[in-house]
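A quick note: this is a predicted structure, and the numbers were derived from the prediction, not measured. Side chains are part of it too, since the values below use all heavy atoms of this structure and drop only hydrogens, waters and symmetry mates.
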Amino acid sequence: MIKITLKGDVVKEYDNGTSIAQVAQSLGQGLFKAACCGKVDGKVQDLRFELNADCALEICTFDDDNGRRAFRHTASHMLAQAVKRLFPNAKLAIGPSIENGFYYDFDVEKPFTNDELAKIEAEMTKISKEELKIEHFTLPVDEAKKLMASEPYKLELIDEHAASGEAISFYKQGDFTDLCAGPHLLDTGKIKAFKLTSATGAYWRGDEKNKMLCRVYGTAFPKAAELAEYLEKLEEAKKRDHNLIGRQLKYFTTSDVIGQGLPLLMPKGAKLFQILNRYVEDKEAEHGYVMTKTPFMAKSDLYKISGHWDHYRDGMFILGDESKDKEVYALRPMTCPFQYTIYNTELHSYKDLPIRFGETSTLFRNESSGEMHGLIRVRQFTISEGHLVVTPEQLESEFDGVVNLIKEMMGELGLLDDLTYRFSKWDPDDKEKYVGTAEIWENCQNTMRHILDDLGLEYTEAVGEAAFYGPKLDIQIKNVHGKEDTLITVQIDPFLAENFDMVFVDKDNAKKRPYIIHRTSIGCYERTIALLLEKYAGALPLWLAPVQAIVMPISDRQQEYAQNLVKKLRQNGMRVELDDRNEKIGYKIREGQLEKVPYMLVLGDREMENGEIAVRSRSEGDKGAMKIDDFIAMAAEEVRTKAK
RNA sequence: GCUACUGUGGCUCAAUGGCAGAGCAGUUCACUCGUAAUGAACAGGUUGUCGGUUCGAUUCCGACCAGUAGCUCCA
């Protein structure tokens with residue numbers, strides 16, 4: 001007998017060799033039906049796993065992340081089985097579960113059409129109804145290869161696994177067998193509520209040098225209602241897409257003849273940009289930043305010193321032609337070397353440091369044509385850029401200061417809770433991308449990890465995501481499609497100070513290398529505006545709203561009163577417009593609501609007589625009449641508290 | 001850059017190998033109106049661009065441009 005510690009520290013005895021599924025069954029039929037996998041002493045295991053020693057066991061259902069993954073991974077096998085039945089020549093690549101579903105990659109002559117996707121989905125329904133038992137088995141490498149002889153991608157995977165010395169693991173359901181480490185459900189009947197959402201291209205092993213396969217995405221839930229709710233939520237999310245809202249509400253537009261990745265900010269977008277920009281520059285000044293204003297282009301010489309010419313040339317817009325003996329310039333893809341040049345105009349004492357340079361900096365990057373996306377990924381953008389030149393002793397406190405400033409600002413924008421943190425490290429095997437020696441990288445990364453841990457940040461680590469010149473703290477955010485992007489980045493640069501021969505004179509009168517922190521405070525204005533529009537579905541908080549209120553006289557009689565009101569509100573710093581069109585009040589209000597204007601100020605004879613305004617809030621509706629000064633005070637307080 | 005889809009007045013969408021249509025927005029006129037659309041009239045398009053097939057192309061084919069999702073790359 002073995003002792004198994006279950007949820008709530010309940011200990012029960014079982015026969016040696018009892019499977020996780022059997023334990024679940026002994027605890028109740030409901031749990032058995034819902035069980036997707038188990039966790040034995042913290043390690044995820046298949047339901048078929050036999051327990052042979054005392055252990056702690058957790059039964060994972062769909063509510064658990066591991067359970068959900070097993071559930072959807074089983075769905076991905078059903079997808080592959082359906083494809084194999086309908087398209088026997090399709091070659092199988094891989095098919096994992098992902099955050100909100102699963103996918104499977106196939107090598108097929110022609111990518112699947114929507115009609116074919118529907119047929120595959122119908123076949124999956126059949127497979128579900130067949131309630132095929134899913135069996136697990138292992139084979140030695142040579143037999144495994146025999147079994148998968150017609151699957152070149154599987155053979156490649158087997159060869160890789162072979163190095164570990166372990167037997168090769170398979171799962172079989174009816175007429176379909178797949179190379180797979182599991183875990184999986186016990187039969188295909190559990191997966192009833194699923195949907196194939198799209199078919200796209202994806203490179204084998206995520207490498208663009210490899211063949212592009214056909215990837216089918218799908219999702220699955222235990223109940224049809226949950227699936228419907230999820231799909232509904234996806235549709236709802238799409239309505240918040242900044243690319244839709246931003247164009248509808250006239251924040252930005254694009255033009256075929258201007259070019260890809262070159263959005264035009266319209267009056268509302270430009271106003272929002274200005275609000276954010278003033279906020280950033282004022283806030284940074286408070287925090288001891290000094291502003292620079294540097295050229296949008298420079299000779300290639302500059303980028304040769306910084307290393308960008310070698311590492312980043314394809315990403316730059318280059319002007320001039322070297323072969324014609326003309327000077328070659330490039331639009332700047334970053335601000336670093338410009339601010340370094342300012343630093344180097346004089347010899348600095350340790351007493352001068354830290355120096356915190358900030359610049360509202362417009363950058364140009366020649367992104368590949370397939371990368372552009374609304375305001376999130378563009379070819380020209382403006383970033384709240386900055387570089388801190390610090391002594392080694394100041395590195396930690398200055399880094400902390402940067403992160404705290406970011407958090408304060410993200411809090412005021414209302415985005416703080418949507419952020420995740422990523423520690424982006426170099427890839428020692430990628431000699432092409434990264435400069436410098438392993439020793440410097442490891443040192444710098446250890447310093448950074450130490451700082452992040454002291455800050456108490458919860459972060460993930462990502463190999464190969466560092467800049468070519470140093471490790472990064474990337475602050476990530478997801479768009480309405482669930483796609484993650486970097487909103488903000490803070491980098492420690494141990495190399496470029498060397499390239500630019502930057503020094504400071506320390507207490508001992510010796511010239512030493514400073515550290516440089518590259519950082520942004522709210523990121524690129526375009527991208528941040530996009531995420532704000534999505535966060536608020538266009539209904540920006542009062543302090544950010546390009547138009548904060550619209551004054552709406554009911555008839556011509558209130559014309560003069562309305563104009564005076566607009567004047568007074570503007571004198572009090574409010575962004576106000578007058579809607580004196582000859583339209584009914586209901587019509588004006590409808591438009592104001594659709595434009596997501598925070599306040600609509602209705603003026604009729606009653607208000608005019610009493611020196612009041614009837615205030616309508618976009619979210620709370622008619623708030624009744626109030627004195628003008630009371631409204632000004634109320635709005636001022638709302639602006640002051642920002643998004644908190 | 002790769003895979004797929006899409007492109008019709010300012011916007012949302014309809015239609016067809018044979019004269020391109022609706023709603024909203026716009027303009028004009030009337031109405032001076034109390035919290036999500038007053039009525040009428042008018043105007044607005046070389047169907048993304050350039051080629052090809054065809055008696056005839058907006059529709060079919062090709063290239064390019066742009067947009068969308070995914071991959072790769074990246075702030």
Tabulate atom names and distances for all N/O pairs under 3.5 angstrom spanning the protein and nucleotides 8-11 of chain B.
none

Self-check item: Derivation of the side-chain contact (heavy atoms from CB on, under 4.5 Å) call for A:H242 and A:L531
Solution: CA-CA 7 Å; A:H242 82 278; A:L531 272 305; over 6 Å; no
Self-check item: Audit row: A:F112, A:F87, ring pair (Phe, Tyr, Trp, His ring centres under 6.0 Å) steps and yes/no
Solution: CA-CA 10 Å; A:F112 296 127; A:F87 305 89; 5.0 Å; yes
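- The pair A:K211-A:D107 meets the salt-bridge criterion, since a charged nitrogen lies less than 4.0 angstrom from a carboxylate oxygen.
- Aromatic ring orientation, A:H308 versus A:F468: perpendicular (interplanar angle above 60°, classes split at 30° and 60°).
- A:I522 and A:I488 make their closest contact through C-CG1, 4.0 Å (heavy atoms, listed as atom of the first residue, atom of the second, distance).
- Place A:G621 and A:I376 on RNA chain B by their nearest nucleotides, and A:G621 ends up nearer the 5' end.
- B:G9 and B:C71 have their P atoms separated by 31 Å, given to the nearest Å.
- Rounding to whole angstrom units, CD of residue A:E612 and P of B:G34 are separated by 19 Å.
- Looking at A:R278, A:R356, A:R519 one by one, the single match for salt bridge (charged side-chain N to carboxylate O under 4.0 Å, His left out) with A:E284 turns out to be A:R519.
- To the nearest whole angstrom, the two C1' atoms, one in B:C2 and one in B:U54, are 34 Å apart.
- Using P as the reference atom, B:C64 and B:C5 are 16 Å apart when rounded to the nearest Å.
- Regarding A:L234, its CG atom lies at a distance of 14 Å from the C1' atom of B:G70, rounded to whole Å.
- Judged by distance alone, with hydrogens and angles left aside, the side-chain atoms of A:T292 form no donor-acceptor pair with the main-chain N or O of A:T294 at under 3.5 Å.
- Among the protein residues, A:G586 comes within range of the sugar-phosphate backbone only, with heavy atoms under 4.0 Å from sugar or phosphate atoms but none that close to a base.
- Within residues 414-433 of chain A, the residues approached by RNA chain B to less than 4.0 Å at the level of any non-hydrogen atom are A:K433, in residue-number order.
- Side-chain N/O atoms of A:Y587 include one lying less than 4.0 angstrom from OP1 or OP2 on B:A25.
- Atom NZ in A:K239 sits roughly 14 Å away from atom C1' in B:U12 (whole-Å rounding).
- For residues 91-118 of chain A, proximity to RNA chain B is found at A:P111, defined as any non-hydrogen atom under 4.0 angstrom from a strand atom.
- Nucleic acid contact for A:L594: base, since at least one base atom lies under 4.0 Å from a heavy atom of the residue.
- The environment of CD in A:E560 is sparse: at most 12 heavy-atom neighbours from other residues, nucleotides or ligands sit within 6.0 Å.
- Contact check on A:K478 versus A:D418 returns no salt bridge, with no Lys/Arg side-chain nitrogen under 4.0 Å from an Asp/Glu carboxylate oxygen.
- A side-chain donor-acceptor contact under 3.5 Å links A:Y469 and A:Q491.
- A:R557 contributes no side-chain N or O that forms a donor-acceptor pair with the base of B:C33 under 3.5 Å.
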Listed pairs, N/O of protein and of nucleotides 63-65 of chain B, under 3.5 Å:
none

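- Minimum heavy-atom separation, A:I589 to A:M600: O-SD, 3.8 Å.
- The CD1 atom of A:I477 lies 10.5 Å from the CZ atom of A:R527; values are rounded to the nearest 0.5 Å.
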Quiz prompt | Derivation and outcome, ring pair (Phe, Tyr, Trp, His ring centres under 6.0 Å), residues A:F338 and A:Y340 | solution = CA-CA 5 Å; A:F338 297 88; A:Y340 300 165; 9.8 Å; no
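- Rounded to a whole Å, the CD1 atom of A:I589 is 9 Å from the P atom of B:A37.
- Between A:Y303 and A:W309, the ring-plane angle classifies as parallel under the 30° and 60° cut-offs.
- Between the A:E116 side chain and the A:T113 main chain, a donor and an acceptor come within less than 3.5 Å of each other.
- Counting any heavy atom pair closer than 4.0 Å across all strands shown, A:G374 reaches sugar-phosphate atoms only and no base atom.
- The pair A:R377-A:E367 meets the salt-bridge criterion, with a side-chain N (NZ, NE, NH1 or NH2) lying under 4.0 Å from an Asp/Glu carboxylate O.
- Residue contacts for A:S369: at a heavy-atom cut-off of 4.0 Å it reaches a base atom on one of the strands shown.
- Distance noted for atom P between B:A66 and B:G23: 34 Å (whole Å).
- Panel note: side chain A:E583, backbone A:K588; no donor-acceptor pair is recorded below 3.5 Å.
- Going from the P atom of B:G44 to that of B:A22 covers 13 Å, rounded to whole Å.
- Comparing B:G56 with B:G52, their C1' atoms are spaced 15 Å from each other, to the whole Å.
- The side chain of A:R581 lies closest to B:G26, out of B:A75, B:G26, B:U3.
- At a threshold of 4.0 angstrom between heavy atoms, the contacts of A:R365 include nucleobase atoms, whether or not backbone atoms are also involved.
- A salt bridge is absent between A:E612 and A:R606; no separation between the charged side-chain nitrogens and carboxylate oxygens falls under 4.0 Å.
- Residue contacts shown for A:R215 are limited to sugar-phosphate atoms, with no base heavy atom under 4.0 Å away.
- Each of A:E591 and A:I488 was assigned the nucleotide of RNA chain B with the nearest heavy atom; the assignment lying further toward the 5' end belongs to A:E591.
- Taking atom P on both nucleotides, B:G17 is separated from B:A57 by 15 Å, rounded to a whole Å.
- For B:A75, its base never sits under 3.5 Å from the side chain of A:E371 at any donor and acceptor pair.
- With salt bridges taken as basic N to acidic carboxylate O contacts below 4.0 Å, one links A:E461 and A:K425.
- Distance from the side chain of A:E583 is smallest for B:U38 among the nucleotides B:G70, B:U38, B:U35.
- One can find a donor-acceptor pair under 3.5 Å joining the base of B:G34 and the side-chain atoms of A:E607.
- Of the residues in residues 467-482 of chain A, those lying under 4.0 Å from RNA chain B by heavy-atom distance are A:K472, A:H481.
- In terms of heavy-atom proximity, A:F495 sits nearest to A:G436 at CE2-CA, 3.4 Å.
- Counting only heavy atoms from C-beta on, A:R527 has its side chain closest to B:A75 among B:U32, B:U72, B:A75.
- Across B:G34 and B:C19, the matching C1' atoms stand 49 Å from one another, rounded to whole Å.
- Residue contacts shown for A:I554 include a base, since a base heavy atom lies under 4.0 Å away.
- Under the 3.5 Å distance criterion, the side-chain polar atoms of A:T219 are matched with a main-chain donor or acceptor of A:N100.
- Of the listed nucleotides (B:A75, B:A36, B:G34), B:A75 has the atom at the smallest distance from the side chain of A:T489.
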Quiz item: Yes or no on side-chain contact (heavy atoms from CB on, under 4.5 Å) for A:K407 and A:I475, after CA distance, side-chain angles and deciding distance?
Solution: CA-CA 10 Å; A:K407 283 182 149 184; A:I475 304 185; over 6 Å; no
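- Stem regions for RNA chain B, each three or more consecutive Watson-Crick or G-U pairs with both distances under 3.5 Å and listed by first number, read B:1-7 with B:65-71, B:10-13 with B:21-24, B:26-30 with B:38-42, B:48-52 with B:60-64.
- Contact check, A:R247 against B:G67: no side-chain N or O comes under 4.0 Å of OP1 or OP2.
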